[in-house]
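Below is one structure, written out as structure tokens, with a few remarks after it.
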Amino acid sequence: MTDPEKPGLRAPLQAIRGTHDILPAEARRWQAAEAVCKSHFELYGYREIRTPVFEPTELFVKGTGETSDIVTKEMYTFTDKSGRSLTLRPEYTPSIARAILEHRLDLRPEPLRFYYIGPMFRYDKPQKGRYRQFHQADVEVFGEADPAVDAELIEMAGSLLEKLGVEDVEILVNSVGCPDCRPAYSHALREKAEASRDEYCADCRRRIELNPLRLFDCKVERCGELSRGLPLVSDFLCPACAENFAEVRRRLDACGLRYRVEPRLVRGIDYYTRTTFEIVNSSAGRQNAILGGGRYDNLMKTYGGPDIPATGFAMGMERLLEAARLEIKPENFVFIAYLGEEAKNRAAWLARIFRSGGVECLLEFKDRGLKAQLSRAARLGASFAAIVGQDEVRNGRLVVKDLSTGSQFDEPVAWLEKEGEAEAALRRLFSKSSRPDFWPPAKEAKP
RNA sequence: GUGAGUGUAGCUCAACUGGUUAGAGCAUCGGACUGUGGAUCCGAAGGUUGGGGGUUCGAGACCCCUCACUCACCCCA
């Protein structure tokens with residue numbers, strides 16, 4: 001029976017397409033993954049940088065590239081009240097370049113090694129592993145042209161995924177050459193493909209003119225066969241690029257990393273030069289690239305900045321979380337149960353003592369029976385229940401129940417009087433439990 | 001942007017070919033047990049069947065539109 005007066009429980013609004021709420025249980029996993037990423041990046045001398053989520057539209061048009069898919073059809077662009085065109089960042093690299101120029105970070109002594117974890121926005125059609133608001137961990141090195149940096153980056157990416165428990169990964173590396181050697185290659189590709197034009201699928205026929213490098217990506221069987229007969233970038237690299245790529249591989253070999261040279265690996269953003277790489281999860285669905293990156297030595301110049309080489313990668317957090325095996329700390333807290341109005345006040349004060357001692361505790365003000373409270377404590381995964389009832393208030397004692405063993409112990413406590421003594425009493429009390437180390441060690445007194 | 005599939009309670013799913021008041025398990029809350037926990041039993045609450053329109057005496061089911069999700073294309077993280 002529906003009461004027409006009663007508003008429906010269904011939410012009148014919902015998260016917009018391609019965006020998601022990350023609920024607490026899932027947020028725990030994000031926190032764990034982010035913590036691993038951050039500490040890993042810091043180990044290599046990277047430091048966090050944070051830039052705005054929206055930027056002037058021109059930043060991406062210039063940097064990401066006027067002809068790229070991202071800029072031509074995937075940007076969240078809007079006009080603000082001043083009439084200026086702004087864009088929610090679809091990727092992070094242009095923002096970093098902008099920040100470096102704006103603050104002339106290149107003139108400072110600190111290394112230009114940055115990382116960031118945050119949301120990006122692309123107006124794509126959502127599917128598994130692809131969302132309109134998604135998150136990337138992004139890493140950038142500016143000012144270091146040495147191929148050893150590329151190798152170090154790739155090694156860092158590989159060891160990060162290992163730390164995160166991602167299995168079935170494959171590291172693919174390639175070199176797409178520089179503006180000197182790429183045109184010759186594109187030309188050769190086009191010429192060769194044109195010869196057997198009729199055998200290609202409709203998409204590929206279009207690719208021949210538009211972006212011949214993408215011919216390698218086609219999933220149509222016949223196209224795949226044909227693409228095996230196409231010339232490879234490696235045969236067209238200029239001597240400098242060839243030597244550069246060889247050096248990257250030597251460095252990778254030197255650190256014992258397992259990788260595969262994939263001459264057909266091309267990347268979709270216009271600014272890439274020389275090294276490109278990708279780490280794919282071979283057991284995932286179609287959107288299986290967890291991480292991708294490469295070198296972009298000319299990006300700074302396109303912004304009219306100094307000639308600063310750069311390299312980096314971006315990792316899709318959603319795709320990572322899908323594949324990562326993360327260790328989540330189990331719940332570890334005290335549930336405070338109280339009985340009666342007087343005990344309610346005492347319980348609140350007791351909670352303060354726990355918390356000031358660094359012990360997490362939960363106190364729900366619902367005036368329920370002890371049974372209901374204990375039942376709830378157990379279901380929520382509390383380690384201990386502290387019971388504050390009329391008796392305890394009267395006797396100046398506190399009862400603590402170890403919920404894993406069921407054993408119960410109590411102690412005369414000073415919490416009715418002095419806070420300092422209360423903490424000592426509580427420590428004493430927990431030292432009798434099955435987990436004498438439960439209460440965190442006292443902080444060193446400040447000198 | 002293109003194509004295909006799916007939407008029933010918070011979750012997982014029922015409801016024979018269109019037929020009366022849309023059911024169950026789990027979860028939630030309460031009680032049995034008025035101060036001792038994940039068990040058991042009993043009970044309650046929870047739905048405009050994603051939304052709107054149409055066909056029909058009658059729609060959760062059929063048709064159209066729309067929204068969302070899923071998978072693939074495209075592209076990318």
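Throughout, protein chains are lettered first and strands after them, A, B, ... in sequence-line order, and every chain is numbered starting at 1.
- Across the protein-nucleic acid pair, A:Glu91 atom CD and B:C76 atom C1' stand 11 Å apart, rounded to whole Å.
- Here the P atom of nucleotide B:A77 and the CZ atom of A:Phe134 are 7 Å apart, to the nearest Å.
- One atom, NZ of A:Lys125, and another, C1' of B:C76, lie 16 Å apart when rounded to the nearest Å.
- Separating the CG atom of A:Leu380 from the P atom of B:A27 is a distance of 14 Å, rounded to the nearest angstrom.
- If you check every strand for non-hydrogen atoms under 4.0 Å, A:Gly129 touches a base.
- Straight-line distance between the P atoms of B:U56 and B:A68: roughly 32 Å, to the nearest whole Å.
- Contacts of A:Arg122 with the nucleic acid, taken as non-hydrogen atoms under 4.0 Å apart, include base atoms.
- Under the 6.0 Å cut-off for aromatic ring centres, A:Phe430 and A:Phe384 qualify, their centroids lying closer than that.
- B:A9 sits 10 Å from B:G47 when the P atoms are compared, rounded to a whole Å.
- Pairing partner, B:G1: B:C73, with both Watson-Crick or wobble hydrogen-bond distances short of 3.5 Å.
- The side chain of A:Lys401 sits closest to B:U36 out of B:G35, B:U36, B:C69.
- Remark: the backbone N or O of A:Ile328 is not paired with any side-chain donor or acceptor of A:Arg29 at under 3.5 angstrom.
- A salt bridge does not link A:Glu155 with A:Arg251: every distance from a Lys NZ or Arg NE/NH1/NH2 to an Asp or Glu carboxylate oxygen is 4.0 Å or more.
- Across every strand in view, B:U17 sits unpaired, with no contact that passes the Watson-Crick or G-U test at under 3.5 angstrom.
- Atom name C1', nucleotides B:C29 and B:A45: the rounded distance is 7 Å, in whole Å.
- In this structure, A:Tyr92 atom OH and B:C76 atom P are separated by 22 Å, rounded to whole Å.
- The side chain of A:Arg376 places an N or O atom within less than 4.0 Å of a non-bridging phosphate oxygen (OP1 or OP2) of B:C29.
- Within the nucleic acid shown, A:Gly18 comes within 4.0 Å of sugar-phosphate atoms alone, with no base atom in reach, counting heavy atoms only.
- Remark: A:Arg132 is positioned above the aromatic ring of A:Tyr123, its terminal NZ or CZ atom under 6.0 angstrom from the ring centre and at most 45 degrees off the axis.
- To the nearest whole angstrom, the two C1' atoms, one in B:U66 and one in B:G7, are 13 Å apart.
- Which of B:A72, B:G35, B:G1 sits closest to the side chain of A:Lys128 comes down to B:A72.
- A:Arg17 places its CZ atom 12 Å from the C1' atom of B:U66, with the value rounded to the nearest Å.
- In this structure, the nucleotide among B:A77, B:U36, B:U28 sitting nearest to the side chain of A:Arg319 is B:A77.
- Nucleotides B:G58 and B:U20 have their P atoms positioned 15 Å apart, rounded to a whole Å.
- Comparing B:G35, B:G37, B:A77 against the side chain of A:Gln136 picks out B:A77 as the nearest.
- Between the side chain of A:Gln408 and the base of B:U36 there is at least one donor-acceptor pair of N/O atoms closer than 3.5 Å.
- Remark: B:A45 base-pairs with no nucleotide in the shown strands. Criterion, Watson-Crick or G-U wobble with two distances under 3.5 Å.
- Look at A:Arg379 and you'll find a side-chain N or O under 4.0 angstrom from OP1 or OP2 of B:U28.
- Rounded to an integer number of Å, the gap from CZ of A:Arg132 to C1' of B:C76 is 14 Å.
- Of the listed nucleotides (B:C29, B:C75, B:U36), B:C75 has the atom at the smallest distance from the side chain of A:Glu74.
- Taking every side-chain heavy atom of A:Asp124 into account, B:A77 is the closest of B:A77, B:G3, B:G37.
- Ion pairing of A:Glu322 with A:Arg319 is absent here, as no side-chain N (NZ or NE/NH1/NH2) approaches a carboxylate O to less than 4.0 Å.
- Ion pair A:Arg47/A:Glu42 flagged as a salt bridge, since at least one NZ, NE, NH1 or NH2 atom sits closer than 4.0 Å to an Asp/Glu carboxylate oxygen.
- With a cut-off of 3.5 Å on both Watson-Crick or G-U wobble distances, the partner of B:U6 is given as B:A68.
- Among the nucleotides B:A77, B:U36, B:G37, the one closest to any side-chain atom of A:Ala378 is B:G37.
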| request: Any chance you could lay out the side chain to side chain donor-acceptor pair (under 3.5 Å) test for A:Tyr92 and A:Thr51, step after step, and finish with the verdict? | output: CA-CA 9 Å; A:Tyr92 203 60; A:Thr51 66; 3.0 Å; yes
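- One C1' atom belongs to B:C16, the other to B:G54, and the distance between them is 26 Å to the nearest Å.
- Summary of the strand contacts: A:Gly292 and A:Gly389 both lie near RNA chain B, and taking for each the nucleotide with the nearest heavy atom, the more 5' one is attributed to A:Gly389.
- As rounded to the nearest Å, B:U70 and B:A24 have C1' atoms that lie 26 Å from one another.
- A:Leu339 comes within 4.0 angstrom of a nucleotide base, judged by non-hydrogen atoms across all strands.
- B:C26 and B:A14 have their C1' atoms separated by 15 Å, given to the nearest Å.
- Across every strand in view, B:G37 sits unpaired, with no contact that passes the Watson-Crick or G-U test at under 3.5 angstrom.
- Among the candidates A:Leu252, A:Leu172, A:Val173, the single residue satisfying the side chain to side chain contact (heavy atoms under 4.5 Å, CB included) test with A:Phe277 is A:Val173.
- Taking atom NZ on A:Lys366 and atom C1' on B:G30, their separation rounds to 13 Å, with Å as the unit.
- A cation-pi arrangement is present between A:Arg249 and A:Phe245, with the terminal nitrogen or guanidinium carbon under 6.0 Å from the aromatic centre and inside a 45° cone about the axis.
- Among the heavy atoms of the strands lying under 4.0 Å from A:Ile290 are primed sugar atoms or P, OP1, OP2 only; no base atom is included.
- Mapping A:Lys73 and A:Ala377 onto RNA chain B by nearest heavy atom places A:Ala377 at the nucleotide closer to the 5' end.
- Both distances falling under 3.5 Å, in either a Watson-Crick or a G-U wobble arrangement, occur for no nucleotide opposite B:A59.
- Under the salt bridge (Lys or Arg N to Asp or Glu O under 4.0 Å) test applied with A:Arg113, the options A:Glu140, A:Glu48, A:Glu144 reduce to a single match, A:Glu144.
- With B:A77, B:G35, B:C73 as the candidates, the nucleotide lying closest to the side chain of A:Tyr131 is B:A77.
- Contacts of A:Ala314 with the nucleic acid, taken as non-hydrogen atoms under 4.0 Å apart, involve only primed sugar atoms and P, OP1 or OP2.
- The base of B:C71 does not come close enough to the side chain of A:Arg130 for any donor and acceptor atom to sit less than 3.5 Å apart.
- Between B:C29, B:G35, B:C73, one nucleotide has an atom nearer to the side chain of A:Gln127 than all others, and that is B:C73.
- Remark: B:U12 base-pairs with B:A24; criterion is Watson-Crick or G-U wobble with both hydrogen-bond distances under 3.5 Å.
- Within the nucleic acid shown, A:Gln390 comes within 4.0 Å of at least one base atom, counting heavy atoms only.
- The side chain of A:Lys371 approaches B:C33 more closely than any other nucleotide in the set B:C29, B:C33, B:A77.
- Evaluation of atom-type donor-acceptor distances gives a pair under 3.5 Å for the side chain of A:Glu392 against the base of B:G35.
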